[in-house]
Amino acid sequence: QVQLVESGGGLVQSGGSLRLSCAASGGTVDYYSIAWFRQVPGKEREAVSCRRSTDGSTYYADFVKGRFTISRDNAKNTVHLQMNNLKPEDTAVYYCAGAPQSDKRLRWNLKSEYDYWGHGTQVTVSS
């Protein structure tokens with residue numbers, strides 16, 4: 001059973017950058033579609049980005065397109081989320097999630113598609 005651990009969160013000024021990492025153990029990221037979600041208190045957890053395992057396709061929520069990039073580092077068994085031009089509204093706890101490789105179509109932005117979750121890392125963007 002894969003375990004996912006996020007790191008890289010912190011406090012950054014508006015316009016700054018952070019790189020989040022999702023390290024996998026007990027399984028290889030090759031086998032899992034890995035997504036990033038985020039959540040602020042009182043709101044639903046929302047999908048940010050996903051890298052699909054089958055063909056490497058990447059997906060982004062409209063509110064991060066052009067600013068965030070998801071990538072995989074096989075050597076470190078890690079998926080990164082590079083976040084540039086951060087805005088105060090990006091402030092949230094960011095979670096990575098894993099869905100085992102499957103032939104069925106992945107609805108990447110639905111929480112229910114993912115079986116494995118990390119504990120989250122806090123990102124705070126000051127104005």
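Values reported hereafter were calculated over all heavy atoms of this structure, with side chains retained and with hydrogens, waters and symmetry mates removed. Sequence positions, counted from 1, serve as the residue numbers for this chain. Quick caveat: nothing in here was measured; it's all calculated off a predicted structure.
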Chemist: If you count heavy atoms of other groups shown closer than 6.0 angstrom to CG of Asp103, is the number above 12?
Modeler: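 No.
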
Chemist: Which heavy-atom pair separates Gly98 from Ile34 by the least distance, and what is that distance?
Modeler: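 Minimum heavy-atom separation between Gly98 and Ile34: CA-CD1, 3.9 Å.
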
Chemist: Does the cation-pi check pass for Arg45 over Tyr95, that is, NZ or CZ under 6.0 Å from the six-membered ring centre and within 45° of its axis?
Modeler: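 Cation-pi check for Arg45 and Tyr95: passes.
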
Chemist: Where do Gly8 and Leu18 come nearest, in terms of heavy atoms and distance?
Modeler: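 Minimum heavy-atom separation between Gly8 and Leu18: O-CD2, 3.8 Å.
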
Chemist: Going by an N to O cut-off under 4.0 Å, is there a salt bridge joining Asp62 and Lys65?
Modeler: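 Yes, Asp62 and Lys65 are salt-bridged.
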
Chemist: Between Arg51 and Trp36, is NZ or CZ placed under 6.0 angstrom from the six-membered ring centre and within 45° of the ring axis?
Modeler: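 Negative - Arg51 is either too far from the ring of Trp36 or too far off its axis.
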
Chemist: With respect to Arg38, which candidate in Leu81, Thr91, Asp90 satisfies the side chain to side chain contact (heavy atoms under 4.5 Å, CB included) definition?
Modeler: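 Going through the options one by one, the only one that passes is Asp90.
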
Chemist: Considering residues, nucleotides and ligands other than Gln3, do more than 12 of their heavy atoms fall under 6.0 Å from its CD?
Modeler: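 Result for CD/Gln3: open.
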
Chemist: Under a 4.5 Å side-chain heavy-atom rule over Ile, Leu, Val, Met, Phe, Trp and Tyr, are Tyr94 and Leu110 clustered together?
Modeler: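 Unlinked, Tyr94 and Leu110 end up in two clusters.
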
Chemist: With a 4.5 Å cut-off on side-chain heavy atoms, are Arg67 and Lys87 touching?
Modeler: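 Sidechains of Arg67 and Lys87: in contact.
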
Chemist: Is there side-chain contact between Tyr32 and Pro100, with at least one heavy-atom pair below 4.5 Å?
Modeler: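 Of all side-chain heavy-atom pairs linking Pro100 with Tyr32, at least one is under 4.5 Å.
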
Chemist: Looking just at side-chain N and O atoms, do Thr28 and Asp30 make a donor-acceptor pair shorter than 3.5 Å?
Modeler: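 There is no such pair (donor and acceptor under 3.5 Å, judged by atom type) between the side chains of Thr28 and Asp30.
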
Chemist: Take Ser17 and Asn84 through the side-chain hydrogen bond (donor to acceptor under 3.5 Å, both in side chains) test and state the conclusion after the steps.
Modeler: CA-CA 4 Å; Ser17 298; Asn84 298 329; 2.9 Å; yes

Chemist: Going by atom types only, do His80 and Ser71 share a side-chain donor-acceptor pair under 3.5 Å?
Modeler: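 The answer is no; no qualifying pair exists.
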
Chemist: Taking all heavy atoms of Ile70 and all of Cys50, pick out the closest pair and write down the distance.
Modeler: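 In terms of heavy atoms, the two residues are closest at CD1-C, 3.7 Å.
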
Chemist: Please check if any side-chain donor atom of Asn74 sits under 3.5 Å from a side-chain acceptor atom of Arg72, or the reverse.
Modeler: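 Short answer, yes.
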
Chemist: Would you say Val79 ends up clustered with Trp108 if hydrophobic residues are merged whenever their side chains have heavy atoms under 4.5 Å apart, either directly or through other cluster members?
Modeler: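 No, because Trp108 and Val79 fall into different hydrophobic clusters, even though each may have its own neighbours under 4.5 Å.
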
Chemist: Would you say that Thr69 contacts Tyr60 through its side chain, given a criterion of any heavy-atom pair below 4.5 Å between the two side chains?
Modeler: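 They are in contact (side-chain heavy atoms under 4.5 Å apart), so the answer is yes.
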
